[in-house]
Amino acid sequence: MDYARVEDARDKTGLRLALTMGVPGPWSQAAKYIFEYKNIPFIAVGQKGGRDNPELHDWTGHRNAPVAVYQDEAPRVGWYEIIMLAERIAPEPGLVPRTSAARSEMFGLITEIASEGGFAWQRRLRLIDMLYAATDDPKMRQTPDALAARYGHSPDAVDRAEAICADILAMLADRLTAQASRGSEYFVGEAFTAADLYWACFSQLAAPMPEDLNPMPPLLRTTYQAPATLPLDPILIAHRDKMYERHLSLPLDF
Ligand SMILES: N[C@@H](CCC(=O)N[C@@H](CS)C(=O)NCC(=O)O)C(=O)O
C-alpha cells in the first residue's frame, strides 16, 4: 500500500483514509475494504501504530486509525459512521440490509466483533500483554505502553478477556450454523453484508491467514494467534476464507 503523508493529503478533496501502516490492524483493514468493495477512490494516509501521530492529530483530532475524512466534512473514526459514509457515497453495491430487522442484526454482530469491549477489544488486551512479555527494553515497551493507555489494559481486564472472547466466538459460530441450516453462507439474510466483511478482517486476530496471504510481522503474528484455550469453531474460519475468496482482495495489503 502506498501511503501519503498527512501534509500532502489534508488539503485534497474527496476521501482521505488514515490507516495503520505495516500491520493488518483489523479496524483499518475493514474500513479499507468497505471503500474498495464499493469502488470509492481514496487517498491512503499513513498512521503509525502506537505513536503520537502529531500531524494526524492536528488535522483530525485523532491519533489512531482508521480516520475517514470526506471533502470538508468532520472526520469519522467509528466503524458505524465509516460504513454509513460509504453507503452514502456509493449506495451500490450495498453492504447494509434494507430492512430494520436485518440491519439491527447486522449492526449488533459488528458491535460484538469491533466495538469497545467486544471481541477485538478483548483480544487486544491479551496482545498488549504479550508485547510486554516480549521485552524489558523501555524503548521497545513504548508501543505497548501507548496501546495500554489508549485501550484500557490492566491485569484484571486481561483476566476477564478470554471468557468474553470465547462467548462472542461461540455466538458467531452459532449464528453461522443457524444460517447454514437455512441455506445461507452469510451472517445475515442471503447476501454479503458489512458483518461478513468485518468478521473476515477481525478473524485475523484469532487465526491469521498464512504468510503468503497475510505477510504480517512475525512477533505480531504470534500475538494475533489465539491461544489453544480459546475455542474457534471451524465454521468461523471457513466463512472468512469464503468471504475473502468471493468478495475481498488478497493478499492483505497494509
Ligand atoms: N475508532 C475505531 C477503533 C480504532 C482502533 O481501535 N484502532 C486501533 C487498531 S487498528 C489502532 O489504531 N491502534 C494503534 C494505535 O492506537 O495507534 C472504532 O471505534 O471503530
Side-chain angles (χ1 to χ4, degrees), residues 1 3 5-6 16-36 42 44-70 73-87 95-96 106-132 140-153 157 161 164-165 168 194-195 197-206 208 214 216-217 219-221 223-224 252-254:
M1 169 83 64
Y3 293 100
R5 293 178 313 161
V6 166
R16 277 73 37 84
L17 188 60
L19 302 168
T20 305
M21 291 188 284
V23 300
W27 287 269
S28 286
Q29 283 286 297
K32 178 186 78 97
Y33 278 123
I34 290 275
F35 293 110
E36 280 181 1
F42 60 84
V45 180
Q47 183 262 0
K48 295 181 186 139
R51 302 288 168 81
D52 281 348
N53 296 283
E55 300 84 3
L56 183 65
H57 185 260
D58 179 61
W59 174 33
T60 67
H62 297 276
R63 299 189 193 278
N64 71 349
V67 186
V69 185
Y70 184 57
E73 298 181 13
R76 289 172 168 84
V77 296
W79 59 262
Y80 174 79
E81 53 185 7
I82 289 174
I83 294 171
M84 295 314 283
L85 172 67
E87 287 286 300
L95 281 169
V96 174
M106 188 198 78
F107 286 128
L109 290 167
I110 306 177
T111 297
E112 293 302 321
I113 295 168
S115 286
E116 188 161 337
F119 165 74
W121 186 274
Q122 306 295 341
R123 286 287 300 135
R124 180 167 52 198
L125 297 175
R126 179 94 183 114
L127 179 155
I128 294 168
D129 241 23
M130 292 176 76
L131 292 179
Y132 274 133
M140 300 289 285
R141 289 168 80 94
Q142 279 174 2
T143 299
D145 279 343
L147 298 179
R150 278 177 201 176
Y151 302 116
H153 177 268
I164 300 172
C165 287
I168 295 170
L197 187 154
Y198 269 72
W199 170 247
C201 294
F202 281 71
S203 71
Q204 306 286 347
L205 267 181
N214 179 1
M216 64 192 296
L219 171 61
L220 206 65
R221 172 175 292 281
T223 64
Y224 271 41
L252 270 62
D253 190 11
F254 40 79

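Counting starts at 1 for both ligands and their atoms, following the listed order.
- In this structure, OH in Tyr151 is found 11.5 Å from CG in Leu127, a value given to the nearest 0.5 Å.
- From Lys32, atom NZ reaches atom CZ of Phe42 across 6.5 Å, with rounding to the nearest 0.5 Å.
- Among protein heavy atoms, atom 19 (O) of ligand 1 sits closest to Gly78 CA, 4.0 Å.
- Among the atoms of Ala65, some N or O lies under 3.5 angstrom from an N or O of ligand 1.
- Under the 30°/60° scheme for interplanar angles, the aromatic rings of His153 and Tyr132 are found to be tilted.
- Residue Glu116 places its CD atom among 12 or fewer non-hydrogen atoms of other residues, nucleotides or ligands, all under 6.0 Å distant.
- Between Val77 and ligand 1, a contact under 3.5 Å exists for at least one N or O pair.
- The CZ atom of Phe35 sits 6.0 Å away from the CD1 atom of Ile82 when rounded to the nearest 0.5 Å.
- Without hydrogens or angle criteria, Trp27 side chain to Trp79 main chain gives no donor-acceptor distance under 3.5 Å.
- At a heavy-atom cutoff of 4.0 Å, ligand 1 is contacted by no atom of Tyr80, backbone or side chain.
- Of the heavy atoms in Arg124, only side-chain atoms (C-beta onward) come closer than 4.0 Å to ligand 1.
- The option from Trp121, Phe254, Tyr198, Tyr151 that lies nearest to atom 11 (C) of ligand 1, judged by heavy atoms, is Tyr151.
- Here is the list of ligand 1 atoms found below 4.0 Å of a heavy atom in Gly50: 14 (C), 15 (C), 17 (O).
- Polar contact check, Arg150 against ligand 1: a nitrogen or oxygen pair lies under 3.5 Å apart.
- No N or O atom of Ala114 sits closer than 3.5 Å to an N or O atom of ligand 1.
- Side-chain atoms of Gln29 come within 3.5 Å of backbone N or O of Asp253 as a donor-acceptor pair.
- In terms of protein heavy atoms, atom 9 (C) of ligand 1 is closest to Trp27 CE3, 3.3 Å.
- Shortest contact from atom 20 (O) of ligand 1 to any protein heavy atom: Trp79 N, 2.9 Å.
- A side-chain donor-acceptor contact under 3.5 Å links Gln122 to the backbone of Gly117.
- Heavy atoms of Gln47 come nearer than 4.0 angstrom to ligand 1 in at least one pair.
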